[in-house]
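By convention in this document, chain letters (A, B, ...) are assigned in the order of the sequence lines, proteins followed by strands, and residues within each chain are numbered from 1.
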Amino acid sequence: MIRVAHVTKYRGRQAVLKDVSFEIPAGASLALIGPGGCGKTLLTKIIGGLVRPDQGEVWVDGQEITRLSEIELTRVRFKIGMLFQNYALFDFMDVGDNIAFPLRQEGKLDEEEIASQVEAILKEVDLPGIERLQVNELSGGMKRRVTFARAVIRRPPILVYDDPTAGLDPVTSSKIFILLDRLQRQGATTSITISHDLVGLRSICTKWAMLVAGEVVFFGTSEEIERSPTKVVRQFWMGESDEV
Amino acid sequence: MTGVGADRSSGSTGSTGEGERADRPSRIADILASVGAPVFYVLSTVGDVFKTFGLAVYYTFRGKKRWDEVINQCYQIGNRSLVFITVVMAFLGMILIFQSGLQVKRITGDFSQMGAVYLPLLIRQFSPIIGALMIATRVGTGIAAEIGSMVVTEQVDALRMNATQPVKYLIVPRFIAGIFMTLVLVVYSTLVSFLAGMLTAHVYFEVPYDTFWDISLVRWADLLIGVTKTLCFGMAIPVVSGQAGLAAFGGSEGVGWATTAAVVNSSLAVIMLDFVVGGVGFMVFPTN
Amino acid sequence: MNGVLHRVGSSILSLSREVGGLAVLLGQITVRLFPPHLDGKETWRSFYKVGVKSTPIVVTTALLTGAIMAVQSSAFIEEWGAYGLLGWGAGFSIMREVGPILIGLMFSGRVGANNTAELGTMKVTEQIDALRTLAIDPISYLIMPRFVAMIVMLVLLTVIGDLFALVGAMIFADLMIDVSPQVFWHSLLEMTYLIDFLVGVIKAGFFGFAIALVSCHYGLKVTGGAVGVGRAVNNCVVASAIGIFFLDYLLTPLIDSAWAALFIRYG
Ligand SMILES: Nc1ncnc2c1ncn2[C@@H]1O[C@H](COP(=O)(O)OP(=O)(O)OP(=O)(O)O)[C@@H](O)[C@H]1O
Ligand SMILES: [Mg+2]
């Protein structure tokens, strides 16, 4: 479903992604982990066609996207729902319009249908009836759940979550993981989840990839990562540091 | 477009990381790079501006337009700049008439033609260019700040992920509104600075109002040149400023840089277009 | 009606708040002038930065402005056959008004806006507070050098800009209506007075002062992250433009009459 081959990206003369390659089969859910600044967000932006890599190829649903024009990319992007790490909520719209935006752009449903879907999804994320609030009136955790709602409302076949539970309390964040899991099963979606919550990730993900300084240091299943002999992977998994 | 933001671009390319510096760049290469970076910046900005312009025109004639947003933008532009333009144009009228009064005093001492000579000059030259520079200052920076902060907070990425072209969604409404409102505001500017000039002529040089109010020297060519210039400025300002906004990167600094790039680039665009349209106008309609 | 009154009232309030803020900043700067204390290195750096940043756009603007003035006057000159007046006409308006105003506007866009963005970013990222905790006075360290640099550089740039604008006018006078450079310079040198040049340059000094004051004020006052910085830059260029036109209107007759008074006394 998603194949990344030899993707390299430079910032100035420094490579921030180095020869990244992996493949996610349809219906799988990948957990993307790694220390801060290792290039996780950048990689998801490349998969969404938002940033073009300097080298390498990206295949989404059988199509190579790195050389597509912005207009050709729109067809690919209809297949992807993305939850942004920094919310990326439209501050010139209220909550309801934010969530309805993907549906309106798709233009398949009428307003009544859209409103009922928005209402339903807000109930699912425990924020019923906040459609008419402005974005700047929300707390960080509320924003996170609204971006979640906006990412999934179209039920796209591919979902990318960049830190869906950052800044959420433990109860809400486990609820989000349950939601993720349900979506995954219902829609048979392919997903990429970035998070530092390894326990939560373990409950939903079947594949793991770990990036360190722009390089893939691990790619494999949950069992494999638990028994990985690589030092950085083991340390990250156990939350240890060199000094101890 | 001359060297604006070059400090920014060279700042980002210059920050080579550790590692991967097998070939230490020589001094000459460094010097070449420091000259090359601004040149590259200027060229790529000009290229981006033309690309944005092309897309804006394309989407203006193709596809659904957000007319409610166009109207909202018209209102924003007018609301933001009306007071500002009134103040500036009134001062401009007073300054110009005061200065030309001094000039007239030195040569002929005949003030009767003042208004008649002033009006075509205002229509063809001063009102479009100063009006447009003020709109670039007020509206252009606003556009860049708005779009720039949407870029750095990833709202533009979110738009793109929902299969929405930023140029179509954000710039086209501002483009249409910009063309229309620039025309309206420049006509208004002409009126304000003519009236201010009339008042000044009366107070300083005792020119009667009805002597000053003399439209006999205005040719159709003046109107045509003035309107053409205004339409060009109206197209250039939203495109140049919108491009500056879309090119923003980084955090809150990014927005600041985008805003400064917008005011300088769109002012330069206005001055260049004024020169081009004025020159062509002179060649097409030399003298009556 | 009530809404209008309310809006007028709140505009007046916010206007007086701005003017008050400007006055306070001016006061803080004046206090630090006795005894004058300038960080030499920082000042030199500011000169360099301001100069390097704005010279290209000032030269571009000036050349084009001169050309525009020549094109503009061409119609009149041809109509009235007054070829001998072009140098004077262009020179008079360039040096007195068009040069200082346009160069001032471009300078405010390039240097003033940049200064606001820079100070504003320092403010929102709490760098200015960090300076304070290091017992460094932000006004003497950050503001004074910029002030001096902006005033001096705008004066210098106006002199340079005048020159380039005249060259632009000369070239286009030659191209468009065959007024030879000799005729152009002859009329310029014969008919313009020193004061025409000085008025422009003195005004430029005041414009530089206004731009410095406004841009530092809005930069230091930024609140509210990315949007705040953008808004501050916007306010800075708007206030600078108003300041430039207002000062221009005020100063031109003042300088002229001061000069006249000087002449009457010393002949
Ligand atoms: N468009 C881009 N072009 C080049 N480099 C980029 C681009 N966007 C981000 N980077 C660089 O990529 C690096 C990795 O950033 P990224 O945001 O992907 O980290 P991250 O793994 O998501 O970290 P965190 O866990 O803190 O979110 C950073 O050094 C950043 O400067
Ligand atoms: Mg990230």
**Request:** Using non-hydrogen atoms and a 4.5 Å limit, figure out which bit of Val88(B) sits close to chain C: side chain, backbone, both or neither.
**Result:** both
**Asked** Which bit of Ile271(B) is near chain C, if near means a heavy-atom gap under 4.5 Å: side chain, backbone, both or neither?
**Response** both
**Request:** Please round to the nearest 0.5 Å and tell me the distance separating atom CG of Leu157(C) and atom OG1 of Thr61(C).
**Result:** 10.5 Å
**Request:** Under 4.5 Å, heavy atom to heavy atom: which of residues 139-148 of chain B reach chain C? Give them by number, or say none.
**Result:** Thr141(B), Gly142(B), Ala145(B)
**Prompt:** Going by residue number, which parts of residues 190-201 of chain C are within reach of chain B, meaning a heavy-atom gap below 4.5 Å?
**Reply:** Met191(C), Tyr193(C), Asp196(C)
**Request:** Considering non-hydrogen atoms only, spot the tightest contact between Val237(C) and Ala113(C) and give its length.
**Result:** CG1-CB, 4.0 Å
**Message:** Is it the case that over 12 heavy atoms from other parts of the model lie below 6.0 angstrom from the CZ atom of Phe40(B)?
**Reply:** no
**Message:** To the nearest 0.5 Å, what is the distance between NZ on Lys221(C) and CZ on Arg231(C)?
**Reply:** 10.0 Å
**Complete:** Honestly, the part of Val124(C) sitting under 4.5 Å from a heavy atom of chain B is side chain
**Message:** Quick check on Ile177(C) against chain B: is it the side chain, the backbone, both or neither that has a heavy atom closer than 4.5 Å?
**Reply:** side chain
**Request:** Would you confirm whether the ring centroid of Phe275(B) sits within less than 6.0 angstrom of the ring centroid of Phe172(C)?
**Result:** yes
**Prompt:** What are the two closest non-hydrogen atoms of Lys203(C) and Arg96(C), and how far apart are they?
**Reply:** NZ-O, 2.8 Å
**Nearest non-hydrogen partners of Ile103(C) and Asp162(C), listed with the distance** = CD1-N, 4.4 Å
**Distance, nearest 0.5 Å, that separates CG of Leu102(C) from OG1 of Thr65(C)** = 4.5 Å
**Message:** Quick check on Phe98(B): does its CZ atom have over 12 non-hydrogen neighbours (other residues, nucleotides or ligands) under 6.0 Å away?
**Reply:** yes
**Close approach to chain B in residues 242-252 of chain C, criterion heavy atom under 4.5 Å** = Ile242(C), Phe245(C), Phe246(C), Asp248(C), Tyr249(C), Thr252(C)
**Asked** How many angstroms lie between atom OG of Ser189(B) and atom CD1 of Ile135(B), to the nearest 0.5 angstrom?
**Response** 6.5 Å
**Request:** Please name the pair of heavy atoms, one in Asp214(B) and one in Ser216(B), separated by the smallest distance, quoted to 0.1 Å.
**Result:** OD1-OG, 2.7 Å
**Prompt:** Taking the side chain as C-beta and beyond, is there a heavy-atom pair between Leu96(B) and Leu92(B) under 4.5 Å?
**Reply:** yes
**Prompt:** Does Lys123(C) have any salt bridge (charged side-chain N to carboxylate O under 4.0 Å, His left out) partners at least two apart in sequence or in another chain, and if so, which?
**Reply:** none
**Prompt:** More than 12 foreign heavy atoms under 6.0 Å from CZ of Phe84(B): is that the case here?
**Reply:** yes
**Prompt:** Looking at Ser100(B), Ala258(B), Gly256(B), which has the largest count of heavy-atom pairs under 4.5 Å with chain C?
**Reply:** Gly256(B)
**Asked** Atom CG of Leu195(B) and atom OG1 of Thr190(B): how far apart are they, to the nearest 0.5 Å?
**Response** 10.5 Å
**Request:** Rounded to the nearest 0.5 Å, what's the gap from CD1 on Ile85(B) to CD1 on Ile130(B)? Could you check?
**Result:** 11.0 Å
**Item:** Best-contacting candidate, Gly109(C), Ser93(C), Ala117(C), against chain B by heavy atom pairs under 4.5 angstrom
**Value:** Gly109(C)
